[in-house]
J.: 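Please see the structure below; I have some questions.
Note that the structure is predicted; figures quoted are calculated from it, not measured.
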Amino acid sequence: YTVARSGQNGYHHRTEMNKKIYRVGKARDKDSASTEFDLTKKNINPLGGFPHYGMVNEDFLMLKGCVVGPKKRVLTLRKSLLKQTHRDAVEEVTLKFVDTSSKFGHGRFQTKEEKERFLGPRKNKN
């Protein structure tokens with residue numbers, strides 16, 4: 001047998017390959033969730049933030065599928081060493097809609113302005 005060597009699945013060496021990147025977003029971009037089909041000016045953060053994470057304040061990647069580990073753990077992405085030839089891997093993806101409704105309860109509204117317009121004037125809580 002051989003001496004144990006550092007691999008790619010340790011606590012500090014989580015490496016993912018073959019992940020499809022849907023979008024690369026900039027920090028604090030006002031229309032980071034807008035697409036050419038859905039022209040609503042909306043931020044990537046859902047109403048109330050992401051559960052167990054909060055609001056996204058930095059640059060972000062939108063990936064297809066899931067990634068390993070807790071929500072705030074650092075993750076390394078790398079290209080595959082082999083050329084991708086599978087149909088799913090080489091097809092071009094066009095996002096049509098990014099859901100920014102609340103992830104707590106039954107999310108109904110995409111933006112805060114849409115919610116306020118629907119509900120109308122409400123009682124002041126002061």
J.: Would a single hydrophobic cluster contain both L77 and V24, if residues Ile, Leu, Val, Met, Phe, Trp and Tyr are joined by side-chain heavy-atom contacts under 4.5 Å?
T.: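 Yes, same cluster.
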J.: Give the minimum heavy-atom separation between R23 and S32, together with the two atoms involved.
T.: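 Closest pair (atom of R23, atom of S32, distance): NH1-O, 2.5 Å.
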J.: Could you tell me whether the side chain of R117 reaches within less than 4.5 Å of the side chain of F109, counting heavy atoms only?
T.: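 No. Closest side-chain heavy atoms not under 4.5 Å.
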J.: Sequence neighbours left out, cut at 3.5 Å: what donor-acceptor pairs do the side chains of residues 57-72 make with other protein atoms?
T.:
| from | atom 1 | to | atom 2 | distance (Å) |
| --- | --- | --- | --- | --- |
| D59 | OD1 | A27 | N | 2.7 |

J.: Show the nearest heavy-atom pair for residues P46 and S101, with the distance to one decimal.
T.: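 For P46 and S101, the tightest heavy-atom pair comes out as CB-O, 3.2 Å.
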J.: Under 4.5 Å between side-chain heavy atoms, counting indirect links through other Ile/Leu/Val/Met/Phe/Trp/Tyr residues: same cluster for L75 and I44 or not?
T.: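 Result: no, two separate clusters.
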J.: Do V93 and V98 belong to the same hydrophobic cluster, where Ile, Leu, Val, Met, Phe, Trp and Tyr are linked whenever their side-chain heavy atoms lie under 4.5 Å apart, directly or via other members?
T.: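 The answer is yes; both residues are in one hydrophobic cluster.
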J.: When rounded to the nearest 0.5 angstrom, what distance separates CG in D99 from CG in D38?
T.: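 Answer for the CG-CG pair, D99 versus D38, is 10.0 Å.
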J.: About how many Å separate NZ of K115 and CZ of R122, when rounded to the nearest 0.5 Å?
T.: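 Here the interatomic distance stands at 6.0 Å.
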J.: So how far is it from R78 CZ to N18 CG, rounded to the nearest 0.5 Å?
T.: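 It is 8.5 Å, given to the nearest 0.5 Å.
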J.: Would you give the length of the straight line joining atom CG of L47 to atom NZ of K42, rounded to the nearest 0.5 angstrom?
T.: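 With rounding to 0.5 Å, CG (L47) is 10.0 Å from NZ (K42).
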J.: Return the CZ to CD distance between R108 and E114, rounded to the nearest 0.5 Å.
T.: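 Spacing of CZ (R108) from CD (E114) equals 9.0 Å.
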J.: Walk me through whether L81 and M17 qualify under side-chain contact (heavy atoms from CB on, under 4.5 Å).
T.: CA-CA 9 Å; L81 298 175; M17 326 186 298; over 6 Å; no
J.: With a 4.5 Å limit on heavy-atom distance, are the side chains of Q110 and T40 in contact?
T.: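 No, side chains not in contact.
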J.: Within the structure provided, determine whether F50 and N45 are in side-chain contact (heavy-atom separation under 4.5 Å).
T.: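 F50 vs N45: side chains touch.
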J.: Between CE of M55 and CZ of R28, what distance do you get to the nearest 0.5 Å?
T.: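 Here the rounded value is 9.0 Å.
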J.: Please check if atom NZ in K20 has more than 12 non-hydrogen atoms from other residues, nucleotides or ligands closer than 6.0 Å.
T.: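 Counting other residues, nucleotides and ligands, NZ of K20 exceeds 12 neighbours.
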